[in-house]
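Heads up, the thing below is written out as structure tokens.
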Amino acid sequence: MSTRRRLPFQNLDAHAWQNLGMMAVFAFYLAFTGWELFYRGPLVSLGIDYRAYWSAGRIANTLGYAKVNDLEALDRVQTPLIPKSQGFTETLPLNTAAYLPAFILPFQALALLPPAWSFLTWTIINLAALILYLCFFHRSLTSTPLPKRLMLMALLAFPIFWNFFYGQVNVWLMICAGEFLRCSLQERPFRAGLWLGGLWLKPTILILLGPALVMQRAWKTLAGFILASSFILLVSIKLAGLPGIVDMLTLWLGFTKNLVTDSGKIVTSAPEYMTNWRMLALYLGNLVHPAFGWSVAVLGMFLTALGGLYLWRRRLSPSLDLAIALVGIFAATFATTWHSHVYTMMVLTPLLIHLYQQKALPEVTLNLWTFAPAGTTFLAIIFTLIIRLVFDTFIDGIGVWSIGMTGLGLNLYLLVWAIQTLRQRRSISVSEFEFLQ
């Protein structure tokens, strides 16, 4: 009796496909990181942003906080960190840590270690903080442990990988956003506002949330936020003095264009990598005309910001409605604000986990969050390699473009989802009230 040979990947359920997807994403991340580590070494592409943080800590230790944003001082410290082999020289862009001085304090301690070991230490600290916080956040709100599958899907999401690859600081932004939601749901508005002050680490995140809280008349939350903000600003002034703060603000304004140091290094915020309308304006400007690109972008910014604030026009109770509105306002912010990279989107992680566990977030949305950016980036790399092998030419920027466009698309998708979901929940509540009447 002959038996038909069973083909692979047949009759798999949704969880089995998720398992395959997670294995593929993990393999991609491992290969990508390994290539960068062994081909270029640490703190060139891998850990490129941490290079700026370590340099800032080193300068604060040796020259004082007033020099942390001095481009020439940063150039002198960073140049020896870049290997002169494999074609990578001191002509690589200069990275800056343009944060309020209060946030540079931890890097003073980390700068006492050699750069590569410091980056490894920073990575371990952040990974431990990420895992422990997600477990704490979930248990605090549900009294149950966080499912391992959900933890893995969160850890494999591209914004989190990109955060660790670059050595970024967004784990701490995520914790502040998660605690803001957790304290709000537990009806502790003043404490929620205190946590919100931590978002001054990257203040562009606050451009829509601040007005939204005013629309909600959340005065206790705003009082906590103002207190935390005042403390951070006073500490920063104490550390760097007013001239140091002015230098930081000058650097922020300088990011609207590429700065150049005396040695010829470019200082840029890499807008082509961003996940916002500004990124799209640059690409459309190159393809068609700058006026067309910025016309589309300005209209997109206006409508996106309007959509984000629309979620907060009515009073939000400390419930799933608040979590949904918070996802929407953050997604709108990441698409609208002038400076927004894909790793900043990891701020949404605890919010999405909570909504998924409460059955308010569809599984398809969770799958998009975990797999879409990683998948498009992988396909872009494969496409670039095929073009190189077949046509012996190189198309620059495909991978960068795929990251930015997928991130912008995901932000807009989450905003539309939040608007539709909140409207549906409100219409159901109204219908139930009318029925009871």
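Using a 4.5 Å heavy-atom cutoff, the side chains of Trp417 and Pro362 are in contact. The closest side-chain heavy-atom distance from Leu181 to Pro350 is not below 4.5 Å. Taking 4.5 Å as the limit, some side-chain heavy atom of Leu81 sits within range of a side-chain heavy atom of Ser55. Contact check for Val327 versus Ile324: no side-chain heavy atoms found under the 4.5 Å cut-off. Val68 has its side chain out of reach of Pro101: every pair of non-hydrogen atoms, C-beta onward, lies at least 4.5 Å apart. Put simply, the side chain of Leu194 does not reach to within 4.5 Å of the side chain of Glu179, judged on heavy atoms. In this structure the side chain of Trp312 reaches within 4.5 angstrom of the side chain of Leu322, judged on heavy atoms. No side-chain heavy atom of Lys67 sits less than 4.5 Å from a side-chain heavy atom of Leu74.
Here the shortest heavy-atom pairing between Leu351 and Val347 reads CD1-O, 3.9 Å. The two residues Pro80 and Val77 make their nearest non-hydrogen contact at CD-O, 3.3 Å. Nearest heavy-atom pair across Ser118 and Leu110 is OG-O, 2.8 Å. Here the closest heavy-atom approach between residue Leu201 and residue Leu173 is recorded as CB-CD2, 3.7 Å. When all heavy atoms of Arg314 and Gln216 are compared, the pair lying nearest together is O-NE2, 2.5 Å. Contact record, Glu272 with Leu282: N-CD1, 4.2 Å, taken as the closest heavy-atom pair.
The environment of CZ in Arg58 is sparse: at most 12 heavy-atom neighbours from other residues, nucleotides or ligands sit within 6.0 Å. Heavy-atom contacts from other residues, nucleotides or ligands closer than 6.0 Å to CZ of Arg217 number 12 or fewer. Annotation for Arg149: atom CZ counts as buried by contact number, over 12 foreign heavy atoms lying within 6.0 Å. At most 12 heavy atoms of other shown residues, nucleotides or ligands fall within 6.0 angstrom of atom CZ in Phe378. Open room surrounds CH2 on Trp401; 12 or fewer heavy atoms of other groups in view lie less than 6.0 Å from it. For Trp35, the CH2 atom counts as loosely surrounded, since its 6.0 Å shell holds 12 or fewer non-hydrogen atoms of other residues, nucleotides or ligands.
With Trp122 as reference, Phe107 is the one residue of Trp54, Phe164, Phe107 to meet the ring-ring contact (aromatic ring centres under 6.0 Å, His included) rule. Put simply, the residue from Phe371, Tyr29, Phe28 that forms a ring-ring contact (aromatic ring centres under 6.0 Å, His included) with Phe161 is Tyr29. Each of Ile403, Val342, Val400 was scored for a side-chain contact (heavy atoms from CB on, under 4.5 Å) with Thr377, with one residue passing: Ile403.
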- CA sep, side-chain torsions, deciding dist, call: Thr123, Tyr50, side chain to side chain donor-acceptor pair (under 3.5 Å): CA-CA 10 Å; Thr123 301; Tyr50 187 75; over 6 Å; no
- Message: Let's go through Phe26 and Leu152 carefully: what are the C-alpha distance in whole Å and the side-chain angles of both, what is the deciding distance for side-chain contact (heavy atoms from CB on, under 4.5 Å) to 0.1 Å, and is it a yes or a no?
- Response: CA-CA 10 Å; Phe26 178 74; Leu152 285 174; over 6 Å; no
- Task: Might you work through the side chain to side chain donor-acceptor pair (under 3.5 Å) test for Thr304 and Trp277, ending with a clear yes or no?
- Result: CA-CA 9 Å; Thr304 304; Trp277 288 104; 2.9 Å; yes
- Residues Tyr310, Arg423; criterion side-chain contact (heavy atoms from CB on, under 4.5 Å); working and verdict: CA-CA 10 Å; Tyr310 173 82; Arg423 288 182 65 181; 3.7 Å; yes
- Message: Checking Phe32 against Ile381 for the side-chain contact (heavy atoms from CB on, under 4.5 Å) test, could you report, in this order, the C-alpha distance in whole Å, the side-chain angles of both residues, the deciding distance, and whether it holds?
- Response: CA-CA 10 Å; Phe32 187 85; Ile381 292 173; 3.9 Å; yes
- Item | From CA spacing to verdict: side-chain contact (heavy atoms from CB on, under 4.5 Å), Ile387, Thr384 | CA-CA 5 Å; Ile387 294 296; Thr384 302; 5.9 Å; no
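With rounding to the nearest 0.5 Å, the separation of CG in Leu130 from CG in Leu134 is 5.0 Å. For the atom pair CG of Asn163 and OH of Tyr166, the computed distance is 11.5 Å after rounding to the nearest 0.5 Å. With rounding to the nearest 0.5 angstrom, the CG atom of Leu320 is 10.5 Å from the CG atom of Leu422. In this structure, NE2 in His341 is found 7.5 Å from NZ in Lys202, a value given to the nearest 0.5 Å. Atom CH2 of Trp195 is separated from atom CZ of Arg182 by 8.0 Å, given to the nearest 0.5 angstrom. Separation of atoms CD (Gln108) and CD1 (Ile59) is listed at 11.5 Å; rounding is to 0.5 Å.
Using cut-offs of 30° and 60° on the angle between ring planes, the pair Phe225 and Trp200 is parallel. Between Trp294 and Trp338, the ring planes are parallel. Angles under 30° get that label, and only those over 60° would be called perpendicular.
The closest side-chain donor-acceptor pair between Tyr53 and Gln168 falls under 3.5 angstrom.
Taking Ser402 as the reference, nothing meets the side-chain hydrogen bond (donor to acceptor under 3.5 Å, both in side chains) condition, with sequence neighbours excluded. Looking at residues two or more places apart in sequence or on another chain, you find no side-chain hydrogen bond (donor to acceptor under 3.5 Å, both in side chains) involving Asp247.
Side chain of Asn276 to backbone of Thr337: a donor-acceptor contact under 3.5 angstrom is found. In this structure, Ser340 contributes its side chain and Ala335 its backbone to no donor-acceptor pair below 3.5 Å. At least one donor-acceptor pair under 3.5 Å links the side chain of Asn61 to the backbone N or O of Gly57. Panel note: side chain Ser184, backbone Ala192; no donor-acceptor pair is recorded below 3.5 Å.
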